[in-house]
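Letters A, B, ... are given to chains in the order of the sequence lines, protein chains preceding strands, and every chain is numbered from 1.
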2 protein chains.
Amino acid sequence: MPVDAFAVLAEPARRRILDELRDADRSVGELVAALTISQPTVSKHLKVLRDAGFVSSRTAAQQRIYHVEPAQFAALDEWLAPYRLLWTKHLDKLARHLDTMER
Amino acid sequence: MPVDAFAVLAEPARRRILDELRDADRSVGELVAALTISQPTVSKHLKVLRDAGFVSSRTAAQQRIYHVEPAQFAALDEWLAPYRLLWTKHLDKLARHLDTMER
DNA sequence: TGGTTGTATGCCTTGACAAGAATATGCCTA
DNA sequence: TAGGCATATTCTTGTCAAGGCATACAACCA
């Protein structure tokens, strides 16, 4: 069953994890230290993120190093795209309005 | 209390409502007809969307006409932006790779 | 091999939230 | 003003997921 990307990102803790991984790959322990969340909780969130394809992990001795899979964000962007159109259109209108005002 | 945009959009029904409103403004009744959701449920979702600033409504006689507020999507896009960077970088790398292969 | 570190998993409780049914509210028309 | 239509709200119930705790598993080290 396909996982709902929005539902996955709805959890603030998961977004914090992603934000952390955006800078650099991290082991689970590093994530636990950086955020202030228990290790089991972090591991569970990582599982959700992994299942949804937002991150992947490699094994380095006893540690698992996680890193972001940027491709997965495309789905999100795809949904957002038509709205971005609307809203840049809106910005254009605003710009024209301001332009009109200053004449 | 600020509403979490991701949490709001996590509900598929709410995204369907937004997709419907993207084409044109709609009354609650039209939304109920278009989607196949009970009227109270639609009203409740609309309330959530309104509180989060994703839509606004005007009163037309007994009807309430809803329309999308595109500006609200900016927050979403803002969060997504750094990841988009990562992933276009990734696409670049892929392109270079393909380029290399065809030589 | 036994102990230790790093990570994952299972169970349980609790809280959040969605949907249904019933009802309330607002605005119109006769 | 009564009645009817469009929408909102309340209450209740069921579902699901998050987090705590304990524990299992895996890889390293002495």
Side-chain angles (χ1 to χ4, degrees), chain A residues 1-21 24-69 72 76 79, chain B residues 1-21 24-69 72 76 79:
Chain A
M1 54 215 79
V3 194
D4 185 333
F6 284 93
V8 171
L9 298 178
E11 179 62 44
R14 288 198 279 265
R15 294 204 299 277
R16 295 211 291 147
I17 290 178
L18 288 173
D19 286 340
E20 204 63 36
L21 291 178
D25 294 0
R26 306 252 187 247
S27 71
V28 177
E30 288 171 332
L31 289 173
V32 170
L35 317 169
T36 315
I37 310 180
S38 78
Q39 178 270 312
T41 299
V42 169
S43 278
K44 279 180 240 180
H45 283 313
L46 285 171
K47 178 176 172 48
V48 175
L49 289 169
R50 235 187 306 128
D51 290 349
F54 283 104
V55 303
S56 62
S57 68
R58 66 178 192 275
T59 299
Q62 328 87 309
Q63 328 198 77
R64 308 288 170 92
I65 310 296
Y66 281 84
H67 74 274
V68 173
E69 287 297 335
Q72 205 53 33
L76 203 56
W79 183 84
Chain B
M1 51 238 74
V3 193
D4 186 331
F6 283 93
V8 170
L9 298 177
E11 180 60 44
R14 288 198 278 264
R15 295 204 298 276
R16 294 211 292 147
I17 290 179
L18 287 173
D19 286 340
E20 204 62 37
L21 291 178
D25 294 0
R26 304 252 187 248
S27 71
V28 177
E30 287 171 330
L31 290 172
V32 170
L35 317 168
T36 315
I37 310 181
S38 78
Q39 177 269 312
T41 297
V42 169
S43 277
K44 279 181 255 183
H45 284 311
L46 284 172
K47 177 177 172 50
V48 175
L49 289 169
R50 235 185 307 126
D51 290 348
F54 282 104
V55 304
S56 62
S57 69
R58 65 178 193 275
T59 300
Q62 327 88 311
Q63 326 197 80
R64 310 287 170 95
I65 310 297
Y66 281 82
H67 73 276
V68 172
E69 287 297 336
Q72 205 53 31
L76 205 56
W79 184 84

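- When side chains are defined from C-beta on, A:Ile37 does not count as touching A:Val32, because their heavy atoms never get closer than 4.5 Å.
- Toward the 5' end of DNA chain D, the nearer of the two residues A:Arg14 and B:Arg50, judged by each one's closest nucleotide, is B:Arg50.
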> Can you check side-chain hydrogen bond (donor to acceptor under 3.5 Å, both in side chains) on B:Arg50 and B:Tyr66, steps first, answer last?
Replying inline: CA-CA 9 Å; B:Arg50 235 185 307 126; B:Tyr66 281 82; 3.3 Å; yes

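- Distance NE2 (A:His45) to C1' (C:dT7): 16 Å, rounded to an integer number of Å.
- Per the geometry, NZ belonging to B:Lys44 stands 16 Å off C1' belonging to C:dT25, to the nearest Å.
- B:Gln62 meets the side chain to side chain contact (heavy atoms under 4.5 Å, CB included) test with no other residue; sequence neighbours excluded.
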>> Please determine whether side chain to side chain contact (heavy atoms under 4.5 Å, CB included) holds for the pair B:Phe54 and B:Glu69, giving the CA-CA distance in whole Å, both sets of side-chain angles, and the decisive distance to 0.1 Å.
In response: CA-CA 5 Å; B:Phe54 282 104; B:Glu69 287 297 336; 6.0 Å; no

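- Distance A:Asp4 CG to C:dA18 P: 13 Å, rounded to the nearest Å.
- Taking a heavy-atom distance under 4.0 Å as the criterion, the stretch of DNA chain D touched by chain B extends 5' to 3' from D:dA6 to D:dT10.
- Sorted pairs that involve residues 31-51 of chain A and meet ring pair (Phe, Tyr, Trp, His ring centres under 6.0 Å), not counting sequence neighbours, are lacking altogether.
- The C1' atoms of five pairs define one axis at each end of the helix from C:dT1-D:dA30 to C:dA30-D:dT1, and these two axes lie 10° apart (to 10°).
- For B:Ile17 and C:dA18, the CD1 to P distance is 11 Å, given to the nearest whole Å.
- Within residues 32-42 of chain A, the residues approached by DNA chain C to less than 4.0 Å at the level of any non-hydrogen atom are A:Gln39, A:Pro40, in residue-number order.
- In this structure, the side chains of B:Val48 and B:Arg14 come closer than 4.5 Å at one or more pairs of heavy atoms.
- Side-chain atoms of B:Glu30 come within 3.5 Å of backbone N or O of B:Ser27 as a donor-acceptor pair.
- Rounded to whole Å, the distance from CG on A:Leu31 to P on C:dA8 is 10 Å.
- As judged by a 4.0 angstrom heavy-atom cut-off over every strand, B:Lys47 is placed among residues touching the sugar-phosphate backbone only.
- For B:Leu9 and C:dA18, the CG to P distance is 12 Å, given to the nearest whole Å.
- Annotation: proximity of residues 52-67 of chain B to DNA chain D (heavy atom, distance under 4.0 Å) is found for B:Gln62, B:Gln63, B:Arg64, B:Tyr66, numbered in ascending order.
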